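The structure appears right after this line, and notes come after that.
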Amino acid sequence: MSVLTPTRAGAARTRLLALPEARWATAATAAFLLALPLQLLGGSAWLWGPLYAAAYVTGGWEPALEGLRALREKTLDVDLLMIVAALGAAAIGQVMDGALLIVIFATSGAVEALATARTEDSVRGLLDLAPPTATRLRPESGTEETVAAAELAIGDIVVVRPGERVGADGRVLDGASEIDQATITGEPLPVPKAAGDEVFAGTLNGTGALRVRVERDPSDSVIARVVALVEEASRTKAPTQLFVERIEHRYALGMVAATVLVFAVPLAFGAHLTDALLRAMTFMIVASPCAVVLATMPPLLSAIANAGRHGVLIKSAAVMERLGQADTIAYDKTGTLTEGTPHLIKVIPEPAFSENELLALAASAEHRSEHPIARAIVAAARDLAREEAYDFRAEPGRGVTATVGGREVMVGSPEHLGEQAPGAPGASDTPDGAAADGASVPDSDGTAPDSDGTAVVVRVDGVRAGWLLLADRLRSGAPTAVAALNRLTTAPPTLLTGDNHRAAHAVAEQTGIPSDGVRAGLLPHEKAAAVGRLNGHVLFIGDGVNDAPALAAAHTGIAMGRRGSDLALETADAVLVHDDLTAVPKAVALSRRARRLVVQNLCIAGVFITGLVIWDLAGHLPLPLGVAGHEGSTILVGLNGLRLLRERAWLDS
C-alpha cells in the first residue's frame with residue numbers, strides 16, 4: 001500500500017500514519033489516555049499498569065535506541081536522560097509522570113518527522129511542473145518528434161502549442177502568445193511573448209503557438225534551480241533548537257556524574273547500601289529535567305494553540321520560539337501584499353459613451369475569454385445588462401474581437417491596437433473628466449502610471465470608445481500589518497518581487513515600505529540570495545513556488561494559506577490560514593511573550609531543583625517530600641505556561 005496521497009499540485013503526499021514515528025507516538029498516546037482515567041478513578045493497578053507499560057515501550061524504545069547510539073559515539077543526549085528519568089520515576093511509583101514524559105518526546109519526534117517528509121514531498125512535486133515530454137523539430141527535415149524534456153539540449157528548437165507547458169528555458173523564435181509565469185516570477189497576469197522574448201520551463205502557454213530555441217540545459221533551468229535551492233537550504237539551514245536542547249548534553253553529563261557521586265561517596269565512607277541508593281535515587285528524581293522540559297514546552301505549545309485558533313499555524317515549538325526573534329521583515333508582493341488577481345479600478349469613456357455602456361460592451365466581448373483581465377472585466381459588469389456576442393476571436397497578446405448588438409467591439413492592448421494612450425507625448429485627446437478627477441491615465445505601453453495597473457482600450461466599429469484601467473488590488477490590512485511589524489522590528493522592511501519596478505514601487509508606497517527597500521524583477525534564486533544578504537533574523541512572507549527558496553533561506557518563513565502553493569506551504573515554518581496579514585504581528589508578539597514565560601519557568605524550575613538538591617545533599621530529604629517538590633514545580637511551571645491559551649493573550653499581543 002502506498003504511503004503517499006495526492007496534493008493539490010498532483011504530487012505525492014506522505015500520510016501521517018505512514019511514518020513509523022507517528023504510529024509509535026499514536027500508540028503511546030492512546031495507551032496513556034486509556035490508563036490515566038483508570039488510575040485517577042481508583043481502578044486496579046492490574047488494569048492501568050499494563051497500559052502505562054505499553055506507553056513506555058511504544059513511545060520510548062526509539063528515543064532510547066537513539067540515546068544508546070549517541071552514548072556509543074561518546075555523547076549523552078536528553079533522549080537517554082529522559083528515558084532514565086522516566087524509568088526512575090516508575091521505579092519509585094511515579095508511573096504516570098514517566099509515561100507523560102515518554103508521550104511528550106514521542107509526539108515531538110513524530111511532528112518533526114512529518115514536517116521533514118512533507119517538505120520532501122513538495123520538492124519532488126515541484127518537478128511535475130515541468131512537462132515530461134516536449135515536441136522537438138528535427139534539424140534535418142523540420143519534422144516534429146516527441147522526446148523526453150530531460151533529453152533536450154541547448155540549441156534545440158521546440159514547439160509549444162496552446163495550453164501546453166514550456167519544456168525548457170529558452171527564447172521565442174516566432175509566434176505570439178501569452179504565458180502564465182506566476183510560478184517563476186509571481187506576476188499576476190499572463191505575459192505577452194513574441195520573437196526574442198525569454199520563456200521558462202514549467203510555465204503555462206496561452207492560446208498561441210510558439211517556436212522556442214532551448215538556451216539552458218534542463219538540469220539548469222530556473223525551475224530545477226528552485227528545487228535545488230529549497231533542498232540545499234533545508235539541509236544547510238542551521239537547526240534552531242530550544243534552549244533546553246542547547247544545554248542538554250552538559251546537563252545530562254552533569255546529572256549522571258552527580259548521581260554516581262551521590263551514590264558512591266557515602267558508600268565509600270561506610271554508608272549503608274540501601275541508604276546510599278535511596279539518596280542517589282532521590283537526587284536523580286529531584287535533579288531530573290522534568291520541570292525544565294515543561295518549563296519550555298507548555299508556553300510554546302499554548303502559544304501555538306492560541307495562534308492556531310486565530311488562523312496562524314505554527315509548525316513546531318522551535319518555530320514559535322524563533323518567530324519572536326525576527327528583527328527584519330521581507331515581503332513578497334503578488335499574492336502576499338496584494339490579492340494576486342486584477343480588478344477593474346476605473347472606466348474612462350469617450351464622450352459618446354457612458355461608463356456603464358462602455359463596460360457592458362467590453363464585458364460582452366470578453367465573456368468567452370479565459371484571460372484574467374477578461375474575467376475581471378466580466379466580474380465588474382455582472383450587474384449590467386449585456387447583449388450576446390457573436391463571431392468571437394482572440395489574438396494572443398493583442399486582445400479580443402466580437403460582434404455585440406450588430407457592432408464590432410475590440411478590447412485589447414493599446415500598443416498592439418496602435419493606440420496612443422491619453423497622457424502620452426503628443427496626445428491631445430484626453431477624455432473629458434479624466435484629468436479633472438485625478439484618475440491615472442495609461443501610458444503608451446499599456447500600464448497605468450503610479451499604480452500596479454494595466455490599461456486596455458475598447459474600440460467600437462474601429463473607433464476608440466474609451467479605456468478600462470485594471471490593477472492588482474492591495475490586500476485588506478496590508479498597510480496595517482506592515483506598520484505593526486515595523487514597530488516590532490529594528491530594521492526597515494524589504495519588498496522582494498519578480499514583478500516590474502513600477503508595480504513594486506506602487507505597492508511599497510501604499511504599504512509604507514521605503515523605496516530603497518524594493519527589489520523587483522527577481523527570479524526565485526535571486527529572491528533567496530536577497531534574503532541571505534539581509535542582516536539579522538529575517539522573517540519572509542510569501543505565497544508562491546517562486547517564493548519557496550526565500551522561505552527556506554529565511555530565519556523564519558510564513559506562507560499565505562489560501563493561495564499558497566504546496567511547496568510554499570510545506571517549506572514555510574508557519575501558514576496564514578485565512579491570508580490575514582494582520583495576524584503576523586500578533587503572532588510575533590505572542591512568540592515574544594512565550595519566550596518571556598519560558599525564561600520565567602526556567603527560573604522557577606531552577607530554584608526548585610537547586611533547593612531540593614541542596615536539601616538532599618546537605619541534609620536528609622525524604623523521598624516522598626522530594627517527589628512532591630519535584631512534581632509541584634512541574635505542575636507550577638506547566639500551569640504558568642498554559643496562561644497563553646487564554647483569548648486575552650492574543651488580544652494583548
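Note that this is a predicted model, so its numbers are computed, not measured.
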Subject >> Test side-chain contact (heavy atoms from CB on, under 4.5 Å) applied to V199 and V160, step by step >> reply: CA-CA 11 Å; V199 294; V160 185; over 6 Å; no

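- Residue N500 comes nearest to R502 through the heavy atom pair OD1-N, 3.1 Å, listed as atom of the first residue, atom of the second, then distance.
- Contact between A201 and D169 at its shortest, heavy atoms only, is N-OD1, 2.7 Å.
- Checking side-chain atoms of D472 against main-chain N and O of G340 turns up a donor-acceptor pair under 3.5 Å.
- For H343, the NE2 atom counts as densely surrounded, since its 6.0 Å shell holds more than 12 non-hydrogen atoms of other residues, nucleotides or ligands.
- A donor-acceptor contact shorter than 3.5 Å links the side chain of R165 to the backbone of G202.
- The CG atom of L358 lies 11.0 Å from the CZ atom of R464; values are rounded to the nearest 0.5 Å.
- Of the possible polar contacts, none joining the N356 side chain to the L359 backbone as a donor-acceptor pair under 3.5 Å is found.
- Between L581 and L485, the closest side-chain pair of non-hydrogen atoms is not below 4.5 Å.
- T403 places no side-chain N or O within 3.5 Å of a backbone atom of D391 that could act as its donor or acceptor partner.
- Put simply, the side chain of E144 reaches to within 4.5 Å of the side chain of L137, judged on heavy atoms.
- Among all heavy-atom pairs drawn from V457 and P414, the shortest one is CG1-CA, 4.0 Å.
- A 6.0 Å sphere centred on CZ of R213 holds no more than 12 heavy atoms belonging to other residues, nucleotides or ligands.
- Looking only at side-chain heavy atoms (C-beta outward), N486 and P493 come within less than 4.5 Å of each other.
- Distance check, rounded to the nearest 0.5 Å: OG1 of T338 to CG of D499 gives 8.0 Å.
- A salt bridge links D174 with R211: at least one charged nitrogen is closer than 4.0 Å to a carboxylate oxygen.
- Partners of H310 by ring pair (Phe, Tyr, Trp, His ring centres under 6.0 Å), not counting sequence neighbours, listed by chain and number: W650.
- In terms of heavy-atom proximity, E339 sits nearest to L474 at OE2-O, 4.3 Å.
- Using modelled atom types, no side-chain atom of T328 and backbone atom of V538 make a donor-acceptor pair closer than 3.5 Å.
- In this structure, the side chain of R161 does not engage the main chain of A209 through any donor-acceptor pair within 3.5 Å.
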**OP:** Apply side-chain contact (heavy atoms from CB on, under 4.5 Å) to the pair F353 and V458, showing each step before the final yes or no.
**Re:** CA-CA 11 Å; F353 295 86; V458 182; over 6 Å; no

**OP:** Given side-chain contact (heavy atoms from CB on, under 4.5 Å), test T401 with V409 step by step and report yes or no.
**Re:** CA-CA 6 Å; T401 303; V409 179; over 6 Å; no

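- Side-chain atoms of R386 never come within 3.5 Å of backbone atoms of D383 as a donor-acceptor pair (strictly under, hydrogens ignored).
- In this structure, the side chain of K527 does not engage the main chain of P549 through any donor-acceptor pair within 3.5 Å.
- Residues in residues 198-210 take part in these salt bridge (Lys or Arg N to Asp or Glu O under 4.0 Å) pairs, two or more places apart or across chains: E198-R216.
- In this structure, D180 contributes its side chain and P190 its backbone to no donor-acceptor pair below 3.5 Å.
- For V531 against F540, the heavy-atom pair with the smallest separation is CG2-CD1, 4.2 Å.
- Applying the side-chain contact (heavy atoms from CB on, under 4.5 Å) test between M560 and each of D547, V575, D579, D332 identifies D579 as the sole match.
- Note that CZ of F200 and CG of N546 are 11.0 Å apart. Values are rounded to the nearest 0.5 Å.
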**OP:** Assess whether side-chain contact (heavy atoms from CB on, under 4.5 Å) is satisfied between V158 and T135, documenting all intermediate values.
**Re:** CA-CA 5 Å; V158 297; T135 302; 5.9 Å; no

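- The shortest heavy-atom contact between V518 and A504 is CG1-CB, 3.6 Å.
- Looking at N205, its side chain never comes within 3.5 Å of a backbone N or O of I179 through a donor-acceptor pair.
- The shortest side-chain heavy-atom distance between V584 and L539 falls under the 4.5 Å cut-off.
- For H371, the NE2 atom is densely surrounded, since the number of other residues' heavy atoms within 6.0 Å is greater than 12.
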